[in-house]
Structure formats: C-alpha cells, structure tokens
Amino acid sequence: MAIINTFEKCLESPYLFKDATAADRIGELLAGAAKRLDAAANIQANGGDPADQVLFCYEAMFRCLRALVYARGYRETGLRCLMLACETLYIKTGELDAEHLRRFELAQRLRLAPAEALEHASAFSRRTLELLA
C-alpha cells in the first residue's frame, strides 16, 4: 500500500470512509470527552499521577477530533487518517486552529505538562462544541 499522507489517499485506503451514520455517534463521543476532562481535573485537584492526567486529556481530545470528523460524515480506522481528515476539513478551512492538532499530538506522546494538557484539552473541547453547535 502507498504511504498515506493526504486526505485523498486516506479515502482510497481502508482507514477513512464515508459513513452516513457517523454523526449519530457524536453525542457519545462528546460525553466521553467530558468524562475524561472531569477525570483529568480530579487528578489535578487531588494530586494524582500526572501521566494519568495527560492521558485523560489526550483521550478527551481524541474524542473531540473524532466528533469533528464524524460530523462531516466520515469515519476512520486509523489515527493518521483521522488527523489528516481534521486538517483538511477544519484547519485548512480556517475553522480550527492548527495548534489544537499540535497539542493533541504532544499529549499523545505525553509531552505536555499536566496543567498545560488540561488547559489545551479544555480549549479543544470548547472549540469542538462551538463548531458542532
């Protein structure tokens, strides 16, 4: 298989596809994101494991990212195609700041301080809700 490095190549692959029912999953994704943000905030407030806090933030951002792509009628089975879809559908159109995607990648690699991860995950969640309203 060719290297998947564009939205178009993702659509040619099995990792991104149109799905008329994708939007039906948005509510569950947003609820899951909210639960993970709450868990991250509880860890911060109660002095829990900082790595767990960043992981919960990453998981919240992941669900927001999925919700955005699902809202446009696509589903994914690969993280790279999810990110490329978000870039094409939201960042290139100016609807979403690329910094959200960059912070998502940093959280995935546990490269954000816990407080910074919570701040950025919360901002990404708020922006997701604005875009989907």
Side-chain angles (χ1 to χ4, degrees):
M1 178 172 279
I3 294 173
I4 299 175
N5 59 359
T6 66
F7 180 70
E8 293 73 24
K9 285 186 179 179
C10 285
L11 289 173
E12 294 169 4
S13 78
Y15 305 113
L16 183 71
F17 51 93
K18 281 291 230 176
D19 182 350
T21 66
D24 297 342
R25 295 172 169 83
I26 293 171
E28 180 183 331
L29 289 167
L30 295 176
K35 285 180 184 176
R36 278 150 182 86
L37 281 175
D38 285 344
N42 285 335
I43 289 170
Q44 184 174 13
N46 297 310
D49 186 339
D52 285 345
Q53 181 179 338
V54 177
L55 180 62
F56 278 124
C57 291
Y58 162 75
E59 290 176 352
M61 289 188 274
F62 177 76
R63 282 164 176 74
C64 289
L65 190 59
R66 264 190 160 170
L68 290 171
V69 172
Y70 285 21
R72 297 284 166 97
Y74 294 95
R75 296 233 353 254
E76 97 303 330
T77 60
L79 180 60
R80 180 74 183 137
C81 286
L82 180 66
M83 293 172 65
L84 286 167
C86 182
E87 182 181 330
T88 298
L89 300 170
Y90 290 95
I91 293 171
K92 288 183 178 178
T93 64
E95 295 174 80
L96 186 68
D97 190 319
E99 191 64 20
H100 289 298
L101 202 54
R102 190 173 89 71
R103 298 297 178 160
F104 167 75
E105 289 180 289
L106 290 172
Q108 179 194 27
R109 292 182 281 149
L110 299 176
R111 298 284 189 227
L112 290 177
E116 186 181 8
L118 184 55
E119 176 186 333
H120 290 291
S122 297
F124 191 14
S125 179
R126 283 190 304 275
R127 184 63 184 140
T128 298
L129 292 172
E130 290 170 2
L131 289 168
L132 298 180

Spacing of Asp52 atom CG and Cys57 atom SG [to the nearest 0.5 Å]: 11.0 Å
Atom pair CZ/CD1 of Arg66 and Ile26 - distance to nearest 0.5 Å: 12.5 Å
Minimum side-chain heavy-atom gap Leu101-Tyr90 below 4.5 Å: no
Cluster link Tyr15 to Phe104, ILVMFWY, side chain under 4.5 Å: no
Shared hydrophobic cluster for Leu84 and Leu79 (ILVMFWY, side-chain gaps under 4.5 Å): no
Ring geometry between Phe7 and Tyr74 (parallel below 30°, tilted from 30 to 60°, perpendicular above 60°): perpendicular
For Thr77 against Pro14, the heavy-atom pair lying closest together: OG1-O, 3.2 Å
Nearest-0.5 Å distance that lies between atom NE2 in His100 and atom CZ in Arg126: 8.5 Å
Distance, nearest 0.5 Å, that separates CG of Leu68 from CG of Leu96: 6.5 Å
Other residues, nucleotides, ligands: >12 heavy atoms within 6.0 Å of Arg72 CZ: yes
NZ-CG distance between Lys35 and Asp38, expressed to the nearest 0.5 angstrom: 10.0 Å
Hphob cluster co-occupancy, Leu30 + Leu82, side-chain heavy atoms under 4.5 angstrom: yes
Nearest heavy atoms of Ala51 and Leu110, plus distance in Å: O-CD2, 4.1 Å
Verify same cluster id: Ile91, Leu89 (apolar side-chain graph, 4.5 Å): yes
Cluster check Leu55, Leu29: I/L/V/M/F/W/Y, side chain < 4.5 angstrom: yes
Phe62/Gln108 under side-chain contact (heavy atoms from CB on, under 4.5 Å): CA gap, chis, key distance, verdict: CA-CA 9 Å; Phe62 177 76; Gln108 179 194 27; over 6 Å; no
Glu130/Arg127 ion pair, N-O < 4.0 Å: yes
Over 12 non-hydrogen atoms of neighbours within 6.0 angstrom of CD in Glu28: no
Taking every non-hydrogen atom, the tightest pair across Leu132 and Ala67: CD1-CB, 4.0 Å
Donor-acceptor under 3.5 Å (Thr88 side chain, Ala85 main chain): no
Min side-chain heavy-atom separation Val69-Glu76 under 4.5 Å: no
Contact check, side chains of Met61 and Leu65, non-hydrogen atoms, under 4.5 Å: no
Nearest atoms (heavy-atom pairs only) where Val54 meets Leu112: CG2-O, 3.5 Å
Polar side-chain atom of Thr6 near backbone of Lys9 as donor-acceptor pair, under 3.5 Å: yes
From CZ (Arg36) to OG (Ser125), nearest 0.5 Å: 12.5 Å
Arg102 with Glu99: basic N within carboxylate O range, under 4.0 Å: yes
Residue pair Gln53 / Ala115: nearest heavy atoms and the distance that separates them: NE2-N, 3.9 Å
